[in-house]
Structures are given as structure tokens and as C-alpha cells.
Number of protein chains: 2
Amino acid sequence: MKLSTKGQYGVRAMFELALQHGRGPVSLKLVAERQDISEHYLEQIIALLRKAGLVNSIRGAQGGYVLAREPGEISVGDIIRVLEGPVAPVECVNDDTSDRCMRAEQCVSKMVWAKVKNSIEQVIDSITLADMCEEAEKARFEQGSFMYHI
Amino acid sequence: MKLSTKGQYGVRAMFELALQHGRGPVSLKLVAERQDISEHYLEQIIALLRKAGLVNSIRGAQGGYVLAREPGEISVGDIIRVLEGPVAPVECVNDDTSDRCMRAEQCVSKMVWAKVKNSIEQVIDSITLADMCEEAEKARFEQGSFMYHI
DNA sequence: AAGAAAACCTACTTGTTTGGTAGGGATTAA
DNA sequence: TTAATCCCTACCAAACAAGTAGGTTTTCTT
């Protein structure tokens with residue numbers, strides 16, 4: 001049940017863009033620096049997010065990336081699905097797959113995976129970048145005490 | 001957010017043992033056949049479950065495996081943690097790791113992963129093999145109509 | 001017009017994991 | 001004693017992860 005760095009980096013990069021939202025394009029260099037991610041690797045990740053329509057790019061000097069929608073309109077789930085594929089823990093509970101379940105016993109395990117899938121989706125689809133920004137703002141005021149009550 | 005076949009096969013094998021619970025040892029051959037899993041591969045998987053104390057083995061002819069505890073005392077989470085490691089979607093929310101979070105921003109994403117982790121754990125720790133058997137029994141009576149309302 | 005800052009692109013690399021297979025040895029019921 | 005069964009180590013091919021390398025193209029600034 002692991003997330004690859006692609007998903008992690010992607011969320012962190014998008015969060016960084018959300019923090020700067022409304023203040024013009026942000027260069028990848030800055031994002032990579034602030035989030036401590038290899039710039040070149042991040043380039044490949046953000047290319048996927050661009051193709052998926054979650055960010056827009058501005059080329060040339062002083063260019064960079066901006067969120068394609070408001071931070072409140074982009075959820076963690078949107079980002080993860082682009083970078084990691086569908087959240088189904090096993091293939092057979094994936095909506096895209098027309099995979100038939102052959103026996104009743106398998107159905108029972110399938111039900112377990114479906115429950116896992118739903119609970120994950122409920123979490124990641126309910127948290128938007130705006131929520132994360134708000135949380136960060138809150139943390140800033142609480143002066144680090146935040147770290148102790150995650 | 002994928003589960004490897006190891007986890008899937010493991011749960012299905014344990015479920016099979018639960019169905020036969022109380023009726024003596026079940027050979028790996030039978031389990032593999034019924035669940036359509038490579039016997040040799042399953043051998044490696046069940047070895048891990050044995051070392052973790054979830055099943056006991058009886059060697060020799062007419063031997064096999066039995067659950068080490070009652071089906072109601074073994075959760076899906078117990079099985080998955082043995083075969084897939086801790087359920088933390090990212091390393092930094094793993095209890096075993098003494099990984100310090102360096103910046104407040106990272107904390108925000110960390111909080112997201114912690115929520116995901118908790119919701120997964122709540123599901124897999126609350127479903128026992130006994131629950132799965134009960135569900136299978138129910139499905140048997142509903143004569144296949146079960147398949148359509150997962 | 002020149003230079004630099006940026007996005008964009010394809011290919012390569014290195015190590016790890018996955019999902020097994022091969023080939024035996026040890027134990028025990030019949 | 002023999003067949004069924006668990007037990008063990010080693011090996012393997014393919015895929016994936018997490019980057020690096022080395023460019024091209026676009027556009028702002030001077």
C-alpha cells in the first residue's frame with residue numbers, strides 16, 4: 001500500500017503552486033528548491049499534470065507554472081489519480097477494468113478491497129489544495145506546536 | 001496505491017483456511033487449486049504467515065495448514081501487514097520510522113497521508129476472516145444475486 | 001539583436017521489486 | 001516403504017522506480 005515518490009512529489013509541488021496562487025507563474029526551479037525535489041525529475045512529473053489539465057505553463061523567461069483551476073477546485077485525489085493511476089488496491093475493483101469475478105468466494109475478498117478503495121477515495125477527494133493552504137496558515141500561527149498533534 | 005498479489009493471495013488463502021476451520025489441516029495444494037494460485041508461489045507466501053504466527057503447519061502426509069487463532073481473531077489487516085509491511089502510504093507516517101519532518105509545509109502533506117493511513121487501517125483492521133465467512137454464507141443463500149450489489 | 005531564463009522532449013541508467021520457477025530435502029500417515 | 005506433504009535456497013525475467021543526461025524551443029529583458 002505504498003505511494004511512489006511521483007505521487008508525493010506531485011502533491012507537494014501542487015501545494016507549492018497553490019501557496020503562490022494568484023501571484024503569477026512559478027518556475028519549476030523554485031518549486032524544486034523549496035520542496036527539495038530533483039528539478040529534472042519534477043519536470044517529468046509536472047508534464048503529466050499539465051497534460052491532465054491540472055496546471056498551465058507559461059514558456060520563456062520569467063515563465064513557469066500556474067494552477068489551471070482554483071486551489072479549492074483541485075483535490076489531492078485529482079493529483080494522485082493522474083500520477084499513480086486509479087486508486088483501486090487490486091485490479092478487479094477498478095472501474096475502468098471490465099474484469100468479471102468468477103466465484104462467490106472471490107467476491108468476498110473483492111468486497112474488502114472495494115471498501116478499502118472507497119475509504120481512500122473519501123479522504124483524498126475531500127481534501128483540496130485550498131484546505132492544505134489553510135492548514136499551513138493555521139500551523140504558521142500556532143508556531144510549530146502543530147507538529148505535535150497531527 | 002496498489003496491493004501486490006502477495007497480499008491478495010495471502011488474504012484469499014487465509015479465507016480458504018477459515019472456511020475449512022475446525023475440520024483439520026488443509027493442504028496447500030487444495031488451497032492453491034481452489035483459489036487458482038501457483039502452489040509453489042503460495043508456499044512462499046504462507047511461509048511468511050507461519051513465521052508471523054498466523055497459521056500452524058502439520059507436516060507429513062495428510063498434513064497441511066490450520067489457522068493459529070479463531071477466524072474472528074484474525075483481521076485482514078493482520079495478514080496484509082505481514083505480507084506487505086506497514087500500511088503507511090508514505091514512509092514518514094510510518095510508526096516504525098523515526099523520520100523527522102523538517103518543514104511546516106511538509107507537515108501539511110504528511111497530515112494528508114496520515115489521514116489516508118488511518119482510514120485504510122480502520123477498514124482492514126475491522127474486517128476479520130469470520131466476517132468474510134459470514135459474508136460468503138450470506139452470498140450463498142442469495143444465489144448469486146449478491147454479485148450485482150457490491 | 002543577443003542573451004538568458006525558462007519550458008519542453010527523448011533517451012538512458014541503475015537498482016529494486018514482482019511474480020514467479022527449479023530442484024531438491026525432511027517429516028509423517030497409511 | 002512409499003506417497004503426500006511441508007520446508008528451504010537459489011535463480012530468473014520482466015517491470016517499475018527514481019532519477020540523469022543532454023539537448024531544443026520559446027519568450028522576456030536588455
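Below, chains carry the letters A, B, ... as their sequence lines are ordered, and counting in each starts from 1. Nothing here was measured: the structure is a model prediction, and the numbers come from that model.
- The one candidate from B/Val55, B/Leu54, B/Ile79, B/Val82 that meets the side chain to side chain contact (heavy atoms under 4.5 Å, CB included) condition with B/Leu48 is B/Val82.
- Atom CD of A/Glu16 sits about 11.0 Å away from atom CG of A/Leu67, to the nearest 0.5 Å.
- Nucleic acid contact for B/Ile46: none, since no nucleic acid atom lies under 4.0 Å from a heavy atom of the residue.
- Distance check, rounded to the nearest 0.5 Å: CD of A/Gln8 to CD of A/Gln35 gives 11.5 Å.
- Between C/dT18 and B/Tyr9, no contact under 4.0 Å exists linking OP1 or OP2 to a side-chain N or O.
- Ranked by how close their nearest DNA chain C nucleotide is to the 5' end, B/Leu3 and A/Lys29 are led by A/Lys29.
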Problem set entry | Base versus backbone protein contacts along nucleotides 20-30 of chain D [heavy-atom cut-off under 4.0 Å; B, S, -] | BBB--BBBB--
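- If you check C/dG19, C/dC8, D/dC7 against the side chain of B/Thr5, the one that comes closest is C/dG19.
- Taking CG from B/Leu83 and CG from B/Asp78, the interatomic distance works out to 11.0 Å, rounded to the nearest 0.5 Å.
- Toward the 5' end of DNA chain D, the nearer of the two residues A/Lys6 and B/Tyr65, judged by each one's closest nucleotide, is B/Tyr65.
- When the C1' atom of D/dA15 is taken as reference, atom NZ of A/Lys2 falls 19 Å away, rounded to whole Å.
- Note on B/Ser4: a side-chain N or O is less than 4.0 Å away from OP1 or OP2 of C/dG19.
- Distance, B/Leu48 CG to D/dC6 C1': 15 Å, rounded to whole Å.
- The distance between atom CG of B/Leu17 and atom P of D/dT5, rounded to the nearest whole Å, is 14 Å.
- As rounded to whole Å, 13 Å separates atom C1' of C/dA5 from atom CG of A/Leu30.
- Taking for each of A/Arg50 and B/Glu84 the nucleotide of DNA chain C with the nearest heavy atom, the 5'-most of the two is the partner of A/Arg50.
- The distance from atom CG of B/Leu83 to atom P of C/dT18 is 11 Å, rounded to the nearest whole Å.
- One atom, CG of B/Asn56, and another, P of C/dT28, lie 15 Å apart when rounded to the nearest Å.
- Here the side chains of A/Val66 and A/His21 are not in contact, with every heavy-atom distance at 4.5 Å or above.
- If you measure from atom CD of B/Glu91 to atom P of D/dA17, you get 16 Å, rounded to the nearest angstrom.
- A sub-4.0 Å separation between OP1 or OP2 of C/dC8 and a side-chain N or O of A/Ser57 is present.
- Note: CD (A/Gln35) to P (D/dA18) measures 17 Å, nearest angstrom.
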Enumerate donor-acceptor pairs with a distance under 3.5 Å from any side-chain N or O in residues 56-64 of chain A to protein atoms, sequence neighbours excluded.
none

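- A heavy-atom distance below 4.5 Å is not found between the side chains of B/Met111 and A/Ile127.
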